[in-house]
There are 2 protein chains.
Amino acid sequence: MRRGLEFKKKARIILVDDNYDHLSGIKELIEIESDFDVVATATSASVAISLIKKYRPEIVLMDINMPEKDGLTAIAEIEKLDLGVRIIALTGYDDPDLIFRAMKIGAKGYILKTMASAQLIYAIDEVAAGKIYLPATLSSRFFEYFQKSFKEEAENTADEENLLNYLTQREEEVLDLLTQGITYKGVAQKLFISETTVKTHVNNIFQKLQVNDRTQAVLYALNNGFLNRRKVKIAI
Amino acid sequence: MRRGLEFKKKARIILVDDNYDHLSGIKELIEIESDFDVVATATSASVAISLIKKYRPEIVLMDINMPEKDGLTAIAEIEKLDLGVRIIALTGYDDPDLIFRAMKIGAKGYILKTMASAQLIYAIDEVAAGKIYLPATLSSRFFEYFQKSFKEEAENTADEENLLNYLTQREEEVLDLLTQGITYKGVAQKLFISETTVKTHVNNIFQKLQVNDRTQAVLYALNNGFLNRRKVKIAI
DNA sequence: AATGATTTAGACCACATGGTCTATAGATAG
DNA sequence: CTATCTATAGACCATGTGGTCTAAATCATT
């Protein structure tokens, strides 16, 4: 796997850190300890972005903690450019929320400044090889946060008292169309039934969901995993 | 780290797999190759759940591909019981969607049946030690899927042509209340303005969002990150 | 000083929506 | 073989909603 790399050209890297000393430290480290090519460095996110556009590096090492424009939004912007740049986030803290958000917006790796320099080189290696790199400590933090955020969501949706469960199949179909913003007339046409029948169904839905109008019904459906359950039915 | 385990009592495990041969194979493997204690086995998810309630094991090895009640919903149910059971998912395929969903609902590990038996033992070891275990190949698949799903979300929300951007502040406030299923009268009271003013705002909102009714407006808002941007304003 | 955008508000009308009640045919369950 | 549930559908009415037009006060910008 790694062997394939040796034949390739050296991966080109841009370093971004608002601390100049730290920046040159990393630069030196990479140049001495690895065979990557540091083509540019930047001390601000906005400069970094124009440098990236110019040099089209394979890898960007981005410090997250920067004044002015913070690293996370910078990463988001770079990802949006869709240049195939692979970004490694760099920070002092192992804050799970930070890690989660960085990975969410597309970072391919995440390392702490306190980590050994060998680990930094290894991370770049891995990311350059197309992989995603998270040190073990960070990946567990990531997963903790990941699962926590979804657990909260699940408690709201898959709740034991989900009124959606009381709906009949036909009522679900009607509600499904309501969640697409379709009127009585539209629903009637789509389901080949009369408009008054739709009204009956809708009224029954209101009763069961304990709401007074379509908007509330749609909101209830959306907030209680109505779309998810349709997906599941199709997927599984 | 690992050393701490030796002092503890052997971790107790329940195995779940609809294939009986496979089940006894794993059981034998664990009993011979490790010092874990297989307290029970089950060939169906529903049996597994009652066994878990009875034995309160530390670890559950759960096959995902089972007829009747599938493994994923079983995992979700077990997690809901909140017994502190740590579940490892087991399957033949490395389908990223499956992996993602398993981890999402709370699995602490995920391994393939095709993997070496040593890796299975190692996975149990890690999960028993409170960690989360994903083999390298699976974790990259997980992250790919993770990032892909959020990329799509971002493209829908942070889209360049987001009609929500054209709304004035007051219109945003009104729309915010609409997304809570509040009527004209309610909005008027909340904002201390007349009902007809609310109507004017709402009509302007419809124009700007290019929709014909509140439901569609609410759906547009929800699908285009209206709630997110309020969150973002507060959070970041 | 003037222009334009925003917020406020009213009038008027058509019609969509919600509430309630009744009723029939078919399916399902006890 | 009832009893219940479900899907269908109509009548009737009150009211909420959406469309359009007008208009005044405020505020920012030129």
Problem - Thr197(A): partners by side chain to side chain contact (heavy atoms under 4.5 Å, CB included), with sequence neighbours left out - result: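 With sequence neighbours excluded, Thr197(A) shows a side chain to side chain contact (heavy atoms under 4.5 Å, CB included) to Ile193(A), Ser194(A), His201(A), given in chain and number order.
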Exercise for the section: May I ask you to evaluate whether Asn203(B) reaches the phosphate of dG18(D), defined as a side-chain N or O under 4.0 Å from OP1 or OP2? Expected result: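 It does not, given that no N or O in the side chain of Asn203(B) lies less than 4.0 Å from OP1 or OP2 of dG18(D).
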Exercise for the section: Check whether any side-chain N or O of Thr168(A) sits under 4.0 Å from OP1 or OP2 of dC5(D), and answer yes or no. Expected result: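 No.
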Problem - SB check Glu173(B) Arg170(B) (cutoff 4.0 Å) - result: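 Salt bridge between Glu173(B) and Arg170(B), a charged N being under 4.0 Å from a carboxylate O: yes.
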Handout entry: Lys113(B) bridged to Asp17(B) by N-O distance under 4.0 Å
Key =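 A salt bridge links Lys113(B) with Asp17(B).
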Exercise for the section: Sequence neighbours left out, what pairs pass salt bridge (charged side-chain N to carboxylate O under 4.0 Å, His left out) with at least one residue falling in residues 38-54 of chain B? Expected result: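 Non-adjacent pairs meeting salt bridge (charged side-chain N to carboxylate O under 4.0 Å, His left out): zero.
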Practice task
Enumerate the residue pairs fulfilling salt bridge (charged side-chain N to carboxylate O under 4.0 Å, His left out) with a member in residues 202-213 of chain A, sequence neighbours excluded, ordered by first and then second residue.
Solution key: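 For residues 202-213 of chain A, and leaving out neighbouring residues, the salt bridge (charged side-chain N to carboxylate O under 4.0 Å, His left out) pairs sorted by first residue read Glu171(A)-Lys208(A).
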Could you go through nucleotides 12-14 of chain D and list every protein N or O atom that sits under 3.5 Å from one of its N or O atoms, giving the distance for each pair?
none

Handout entry: Val218(B) to Leu178(B) - nearest heavy-atom pair and separation
Key =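 Answer, listing the atom of Val218(B) first, then Leu178(B): CG2-O, 3.5 Å.
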Exercise for the section: Identify the 5'-most and 3'-most nucleotides of DNA chain C with at least one atom closer than 4.0 Å to a non-hydrogen atom of chain B. Expected result: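 Using the under 4.0 Å cut-off, the span is dT6(C) to dC12(C).
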Problem - Sub-4.0 Å heavy-atom contacts from residues 205-221 of chain B onto DNA chain D, ordered by number - result: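 Output list: Phe206(B), Asn212(B), Asp213(B), Arg214(B).
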Handout entry: Nucleic acid contacts - residues 184-192 of chain B versus DNA chain D, non-hydrogen atoms under 4.0 Å
Key =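 Heavy-atom contacts with DNA chain D come from Tyr184(B), Lys185(B).
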Handout entry: Sugar-phosphate only, base, or nothing, as touched by Thr196(A) at under 4.0 Å among non-hydrogen atoms
Key =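 Base, at least one base heavy atom under 4.0 Å.
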Exercise for the section: Give one of base, sugar-phosphate or nothing for Thr197(A), where a contact means two heavy atoms less than 4.0 Å apart. Expected result: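 Counting heavy atoms under 4.0 Å across all strands, the contact made by Thr197(A) includes a base.
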Exercise for the section: Would you please name every residue forming a salt bridge (charged side-chain N to carboxylate O under 4.0 Å, His left out) with Lys104(A), sequence neighbours left out? Expected result: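 Salt bridge (charged side-chain N to carboxylate O under 4.0 Å, His left out) list for Lys104(A), sorted by chain: empty.
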Straight-line distance of [X] [atom1] to [Y] [atom2], nearest 0.5 Å:
| X | Y | atom1 | atom2 | value |
| --- | --- | --- | --- | --- |
| Leu175(B) | Arg214(B) | CG | CZ | 10.5 Å |
| Ile87(A) | Ile52(A) | CD1 | CD1 | 6.5 Å |
| Met62(B) | Ile78(B) | CE | CD1 | 3.5 Å |

Practice task
Go along nucleotides 21-30 of chain D 5' to 3' and tag each nucleotide: B for a protein heavy atom under 4.0 Å from its base, S when only backbone or sugar atoms are that close, - otherwise.
Solution key: ----------
Handout entry: Distance, rounded to the nearest Å, where Ile182(B) contributes CD1 and dT17(D) contributes P
Key =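 My rounded result for the distance is 12 Å.
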Exercise for the section: Could you pull out all residues at least two apart from Tyr133(B) that satisfy ring pair (Phe, Tyr, Trp, His ring centres under 6.0 Å)? Expected result: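 With sequence neighbours excluded, Tyr133(B) shows a ring pair (Phe, Tyr, Trp, His ring centres under 6.0 Å) to Tyr122(B), given in chain and number order.
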Practice task
Have a look at the helix from dA1(C)-dT30(D) to dG30(C)-dC1(D) and give the angle its two end axes make, five pairs each, rounded to 10 degrees.
Solution key: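 The value is 50°.
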Under 3.5 Å, side-chain donor or acceptor atoms of residues 138-145 of chain B against the rest of the protein: list the pairs with distances, not counting sequence neighbours.
unit_1: Ser139(B); atom_1: OG; unit_2: Ala136(B); atom_2: O; d: 3.2
unit_1: Ser140(B); atom_1: OG; unit_2: Ala136(B); atom_2: O; d: 2.9
unit_1: Ser140(B); atom_1: OG; unit_2: Thr137(B); atom_2: O; d: 3.1
unit_1: Arg141(B); atom_1: NE; unit_2: Asp94(B); atom_2: OD2; d: 2.9
unit_1: Tyr145(B); atom_1: OH; unit_2: Asp97(B); atom_2: OD1; d: 2.6

